[in-house]
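In what follows, chains are A, B, ... by sequence order, proteins preceding strands, each numbered from 1.
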Protein chains: 2
Amino acid sequence: MPRKSDLEPLSAKSATLHDVARAAGVSLITASRALTNPKLVSEKTIARVQAAVQATGYIPNLLAGSLKSNRSRLVGGLVPALSVAQFLPTLQSLTDVLDGAGYQLMLGQMRYDDSRQDALLNAMIGRRVDGIVVTGLIRSEAARRQLVRLGTPVIETWDLTDRPLDIVVGFSHIKVGSALAGYLLGKGYGRIGIATGDDHRAQLRREGFLATVGHNVPTAVVPAPSSLALGRSALGELLRQDPALRAVACSADQLAQGVIVEAQARGLRVPDDLAVCGFGNADFAAHIVPSLTTVHVDGASIGRLAGELIIARCSGETIRERVIDVGFEIVQRQSA
Amino acid sequence: MPRKSDLEPLSAKSATLHDVARAAGVSLITASRALTNPKLVSEKTIARVQAAVQATGYIPNLLAGSLKSNRSRLVGGLVPALSVAQFLPTLQSLTDVLDGAGYQLMLGQMRYDDSRQDALLNAMIGRRVDGIVVTGLIRSEAARRQLVRLGTPVIETWDLTDRPLDIVVGFSHIKVGSALAGYLLGKGYGRIGIATGDDHRAQLRREGFLATVGHNVPTAVVPAPSSLALGRSALGELLRQDPALRAVACSADQLAQGVIVEAQARGLRVPDDLAVCGFGNADFAAHIVPSLTTVHVDGASIGRLAGELIIARCSGETIRERVIDVGFEIVQRQSA
DNA sequence: CTGTTAGCGCTTTCAC
DNA sequence: GTGAAAGCGCTAACAG
């Protein structure tokens, strides 16, 4: 294989449109049009240009095109952390939609830290992304003002608000908490506990839960990201607070699975001795034993909608609905 | 909040370096240096430029800088799919390292499809990424030639080869399979089955396994991505092939967990009636009951190394080792 | 249908 | 320390 013998930094100049044009015997702009807007060019010319592309191994420099046209076909995506399984379907379908339209995703991890969110936002704005998709809302006022001023399409997701920065696609965490509390109370479970992550949205669900229950309940707060191991220790903590606990509502299916494992290890039957419900409807929820009662949120739809909205805005379309509620659904299974 | 009343595409021109220079009363280039190479500029000037940046809300256009300097501070990352939990720690630590050095990650999903790999590669080369990190090896000869010609640093990961395109950071799947077979045989398990994903690397592990066992064994092949549900059905399939099966080696911890759940649902005790081992050492592996014997691979290290190597190459450093074997480790727990 | 001209916003190169 | 000029590779706007 023809390669410089050692691994020094290389700098093989790659062919430019200029080279292609010369090889095809046409002007620069004709070559450009043959590749990006073939309707304006005769078939013969197109064929010659394409042959020249092959011959020279030309790959367009999208940086240059973006600079001129002010459209980068890049979309920024911000998640708290890749390790939060919750957001993976959203990211996956977002990438798929963008990809199909020739857009690329730039990924950033915020780590539940507002200052990192600002820094990432600047890195993305600096690269002139055509839009930004963020999980949760954009918290910093400075960042909000900046984005509004620039007119960058921004899709906030996985939450809901009356005053989105631009567009929000999500659901109400307060309502989720409230619905879950109603469900458990309706089943007649008296002594309920909460195992919850310490992130903003989990806390909103907890608020909604408590508001419906009407009084405080035993609570174990665990750091993000949620995991089976944290669920196990959370149940220990909750049983210390109330040894006669009858039900546990968890802020993530991973926690719920841990609670179930720990309950079984302690000889408690689920749901007879202890009912458990989760949040997220992870892929394993339906298949563990007992199967997990949980809250389903269509994360893939959120990602798809976000991608489509960004693309629509970039194509100059006007969007009517600025607040899109995708709702949620309690999935009743064996564990509660 | 001052915003155009409806959601039409906006195009607020943002401040350029030109505006900053004028506001600071210096020349364009001095403003540029004050921001990117402050040693060359007096402190007074720096202060004035920075004030001007604040006043104008300037955010550098990295596209323009990249075009001129031919360095985008963008790194392309290719994974089979985001839903493969396996690669998340790699992606996470890669992003962290890049981020700390001012680089951004462009993400692409290959979907175990070589033609998509080629298309994504082109999209990334077109955006003049400074380097590419790919899970697995780059298969297409055309793509390999192209990348070599361009001199783009490429880190292939999660596999090993004598002839990497550029640099490879990973481990030998054949050896993993072989080690696992040795382990199970050493424990005296006679009738062993395999539950495996259909991807290339899982198949390599299977080959290594069979080579050490010395004969064919019952096998259930499931489509990617591996999940608990697929593990449950795989055990059903394996027991049909051999009702007296005593051990199952799985190509992913998610599958292994499914095999355990299914075994328990059928009244089989793990490991007494059926031994199970996984691959990946997922976060739950140590905490399920029984805890899961599996193969640990340091995915985070792979990502960190890949990031550091890319950055080193971009800084003009020469790299000696082109093949980096991070190894693996069998983690013995209760399930086998 | 094809071509010429003029930049996009920045950094490199050379001059003072 | 600072500045003027040139140009990265491409596309928008206007001509022929």
A/Asn61 atom CG is separated from D/dT11 atom P, nearest whole Å, by 9 Å
Residues pairing under side chain to side chain donor-acceptor pair (under 3.5 Å) where one sits in residues 33-55 of chain B, two or more places apart or in two chains, turn out to be B/Ser42-B/Thr45
If you measure from the Lys or Arg side-chain nitrogens to the Asp or Glu carboxylate oxygens, is any gap between B/Arg139 and B/Asp118 under 4.0 Å?
no
Rounded to whole Å, CG of B/Leu67 lies from C1' of D/dC10 at a distance of 8 Å
Across all chains, not counting sequence neighbours, the side chain to side chain contact (heavy atoms under 4.5 Å, CB included) partners of A/Asp130 are A/Arg71, A/Ser72, A/Arg73, A/Tyr103, A/Cys314
Which atom pairs, one a donor and one an acceptor, fall under 3.5 Å between side chains of residues 25-32 of chain B and the rest of the protein, sequence neighbours left out?
unit_1	atom_1	unit_2	atom_2	d
B/Ser27	OG	B/Thr30	N	3.4
B/Ser27	OG	B/Thr30	OG1	3.1

Side chain to side chain contact (heavy atoms under 4.5 Å, CB included) filter on A/Thr90, not counting sequence neighbours, yields A/Trp158, A/Ile302
Residue set satisfying salt bridge (Lys or Arg N to Asp or Glu O under 4.0 Å) with B/Asp19, at least two apart, ordered chain then number -> B/Arg22
B/Asp99 meets the salt bridge (Lys or Arg N to Asp or Glu O under 4.0 Å) criterion, sequence neighbours left out, with A/Arg116
note: A/Lys68, atom NZ; D/dG7, atom P; distance rounded to Å ~ 17 Å
Here the distance between atom C1' of D/dT11 and atom NE2 of A/His18, to the nearest Å, is 16 Å
Residue set satisfying side chain to side chain contact (heavy atoms under 4.5 Å, CB included) with A/Val97, at least two apart, ordered chain then number -> A/Arg304, A/Glu308, A/Ile311
Under a 4.0 Å heavy-atom cutoff, the residues of residues 27-51 of chain B touching DNA chain D are B/Ser27, B/Ile29, B/Thr30, B/Arg33, B/Leu40, B/Val41, B/Ser42, B/Thr45
Sorted by chain and residue number, the salt bridge (Lys or Arg N to Asp or Glu O under 4.0 Å) partners of A/Arg111 (sequence neighbours excluded) come out as B/Asp96
When rounded to whole Å, the CZ to P distance for the pair A/Arg73 and D/dC10 reads 16 Å
Result for side-chain contact (heavy atoms from CB on, under 4.5 Å) between A/Leu160 and one of A/Leu137, A/Ile324, A/Val323 points to A/Val323
Span of DNA chain C engaged by chain A, first through last nucleotide within the 4.0 Å heavy-atom cut-off, is C/dC1 to C/dG9
Taking five pairs at each terminus, the helix from C/dC1-D/dG16 to C/dC16-D/dG1 shows an axis bend, to 10°, of 30°
Applying side chain to side chain contact (heavy atoms under 4.5 Å, CB included) to B/Thr56 and not counting sequence neighbours gives B/Ala15, B/Val20, B/Ala23, B/Tyr58
